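Below is one structure, written out as structure tokens; the observations come after it.
Worth saying up front: this structure is predicted, and the values here are computed from it rather than measured.
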Amino acid sequence: MRVLLLTYDDFANVAFEFTEALKSVGVDAFGMKYRPHPFNYYDELPIRESTIELAGLIRGFDHIIYLQSILLDSSAIPKDCKYTKIFLFVGDHEYRKDHRRVLKHYPKIRKVFYQTGDLAGKSKLPEEWLLPAINTDLIQTKWTPSANFPLVINHLPRDPGHKGSGIVNYVMYKLVQDKSLAHKFIYNYTENQQKDWPDHIERMDQCDVYIESQAYTLSTKPLGEFGVTALECCSLSKATITCFNSHEKYEHVFKNTSPIIPANSPEQLEHQLRTLLSLPI
């Protein structure tokens with residue numbers, strides 16, 4: 001079985017990591033994207049060179065998985081799907097905003113894989129929850145956890161507006177005012193730093209607790225779910241707090257307890273932090 005993964009923008013290097021994960025279990029997988037991203041990952045998918053190159057690739061694969069970002073041009077979609085099965089992976093805001101438009105663009109897909117629970121149920125096709133692949137061999141902590149208080153709590157958003165940073169800072173300010181807790185933590189907040197991915201991983205690693213997101217909506221659409229950063233933080237062995245509206249559904253579908261600590265309101269975020277700061281060390 002040969003599998004081709006195609007995407008326009010490989011957000012968070014997801015398509016590359018899927019390709020490598022498939023290879024690691026013996027699948028003949030190859031990925032390609034349309035343009036580079038600015039974060040300088042250690043490795044990433046090759047860039048599509050030409051329409052002719054892409055057309056030749058498509059004919060040689062049994063399965064094609066499109067990772068939705070910007071809609072691909074018609075040359076990326078086989079005209080005859082008699083011998084090629086097509087699938088769609090969605091985790092982007094364009095699908096959240098207008099799933100009908102996206103599904104119409106790929107009329108011959110067999111199944112939709114969705115990254116977050118809020119994207120389920122938008123297609124009449126078979127659907128399946130599929131989390132992004134994380135290279136846990138590569139993403140490992142170098143941080144020595146605190147043996148006692150204070151705990152180091154980090155929130156380091158590239159885009160504060162998309163991460164609900166105002167809410168995070170509001171809750172942290174409340175905790176600083178609590179004299180019974182203020183000595184138990186150090187809070188680090190930095191925003192708008194466009195860092196290379198290895199540098200960003202190193203910064204995220206320098207803490208005991210990481211708050212990923214408190215973004216409950218995005219462009220007026222309900223959000224309330226975590227991003228790839230949260231999974232990277234879990235791989236770094238952090239206590240990871242983030243939006244996770246579909247927390248209970250996750251545990252039902254995957255038959256496992258999530259390592260993510262869910263917080264879907266300022267009150268829940270404050271409760272989870274107070275709980276962590278009250279635990280014995």
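At distances below 3.5 Å, not a single donor-acceptor pair connects side-chain atoms of Lys33 with backbone N or O atoms of Asp10. One N or O on the side chain of Thr240 and one on the backbone of Lys238 form a donor-acceptor pair closer than 3.5 Å. Looking at Glu212, its side chain does come within 3.5 Å of a backbone N or O of Gly227 through a donor-acceptor pair. Side chain of Asp92 to backbone of Leu67: no donor-acceptor contact under 3.5 angstrom is found. In this structure a side-chain-to-backbone donor-acceptor pair under 3.5 Å is present from Ser265 to Gln268. Remark: side-chain polar atoms of Ser24 are paired, donor with acceptor, to backbone N or O of Ala21 under 3.5 angstrom. Between the side chain of Glu44 and the backbone N or O of Phe16 there is no donor-acceptor pair closer than 3.5 Å. Asp205 places a side-chain N or O within donor-acceptor distance of the main-chain N or O of Lys142, the cut-off being under 3.5 Å. Side-chain atoms of Glu202 never come within 3.5 Å of backbone atoms of Pro198 as a donor-acceptor pair (strictly under, hydrogens ignored). Side-chain atoms of Ser235 come within 3.5 Å of backbone N or O of Ile139 as a donor-acceptor pair.
The CG atom of Leu45 sits 13.0 Å away from atom OH of Tyr34, with the distance rounded to the nearest 0.5 Å. Note: Gln206 CD to Thr141 OG1 = 9.5 Å, rounded to the nearest 0.5 Å. Here the CZ atom belonging to Phe226 is positioned 11.0 Å from the SG atom belonging to Cys243, to the nearest 0.5 angstrom. Annotation: the span from Tyr114 atom OH to Arg96 atom CZ amounts to 13.0 Å, rounded to 0.5 Å. For the atom pair Lys122 NZ and Asp98 CG, the distance stands at 10.0 Å (nearest 0.5 Å). In this structure, Arg110 CZ and Leu88 CG are separated by 14.5 Å, a value rounded to the nearest 0.5 Å.
Linking ILVMFWY side-chain heavy atoms closer than 4.5 Å, directly or via other members, places Tyr210 and Val152 in two distinct hydrophobic clusters. Criterion: ILVMFWY side-chain heavy atoms under 4.5 Å apart, direct or through other members. Under it, Phe18 and Ile70 are part of a common hydrophobic cluster. Under the 4.5 Å side-chain contact rule for hydrophobic residues, Phe87 and Val3 share a cluster. Linking ILVMFWY residues whenever their side-chain heavy atoms come closer than 4.5 Å, directly or via other members, places Leu130 and Val25 in the same cluster. In the hydrophobic clustering of this structure, Ile58 groups with Val27; members are Ile, Leu, Val, Met, Phe, Trp, Tyr whose side-chain heavy atoms approach within less than 4.5 Å, directly or through other members.
Between Tyr66 and Tyr106, the distance from one ring center to the other falls under 6.0 angstrom. Here the two rings, on Trp129 and Phe113, have centers that are 6.0 Å apart or farther.
Shown here are the side-chain hydrogen bond (donor to acceptor under 3.5 Å, both in side chains) partners of Lys85, two or more places apart in sequence or in another chain: there are none.
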Worked verdict on Leu236 versus Met204 for side chain to side chain contact (heavy atoms under 4.5 Å, CB included) = CA-CA 8 Å; Leu236 290 169; Met204 290 196 305; 4.2 Å; yes
Would you check, one step at a time, whether the test ring pair (Phe, Tyr, Trp, His ring centres under 6.0 Å) holds for Phe185 with Phe149?
-> CA-CA 7 Å; Phe185 67 91; Phe149 294 114; 9.7 Å; no
Go through Leu5 and Ile64 one step at a time and tell me if the side chain to side chain contact (heavy atoms under 4.5 Å, CB included) criterion holds.
-> CA-CA 6 Å; Leu5 295 93; Ile64 299 175; over 6 Å; no
May I have the step-by-step check of side chain to side chain contact (heavy atoms under 4.5 Å, CB included) for Ile65 and Leu4, ending in yes or no?
-> CA-CA 6 Å; Ile65 303 174; Leu4 174 65; over 6 Å; no
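Taking the side chain as every heavy atom from C-beta outward, Ile211 and Lys163 never approach each other to under 4.5 Å. Annotation: side chain of Tyr187 is in contact with side chain of His155 (closest heavy-atom distance under 4.5 Å). Two residues are said to be in side-chain contact when any heavy atoms from C-beta on lie closer than 4.5 Å; Thr242 and Ile260 meet this criterion. Residues Ile201 and Glu232 form a side-chain contact, since some pair of their non-hydrogen atoms from C-beta on lies under 4.5 Å apart.
Between Phe39 and His37, the ring planes are parallel. Angles under 30° get that label, and only those over 60° would be called perpendicular. Ring pair Phe30/Phe61 is parallel by interplanar angle, where below 30° counts as parallel and above 60° as perpendicular.
In this model, no donor atom of one side chain and acceptor atom of the other lie less than 3.5 Å apart for Ser165 and Glu191. Donor-acceptor pairing under 3.5 Å is recorded for the side chains of Gln214 and Tyr216. Residues Arg274 and His271 have side chains that never bring a donor and an acceptor to within less than 3.5 angstrom of each other.
With a 6.0 Å radius and a threshold of 12 heavy atoms from other residues, nucleotides or ligands, Gln140 has its CD atom above the threshold.
Minimum interatomic distance between His105 and Ile77 (heavy atoms only, all atoms of both residues): O-CD1, 3.5 Å. The minimum heavy-atom distance between Ser258 and Phe244, with the atom names listed, is OG-CE1, 3.4 Å.
The cationic group of Arg101 does not satisfy the cation-pi geometry with Tyr95, failing either the under 6.0 Å distance to the six-membered ring centre or the 45° limit from the ring axis.
A salt bridge links Arg2 to Asp28: one of the charged nitrogens lies within less than 4.0 Å of a carboxylate oxygen.
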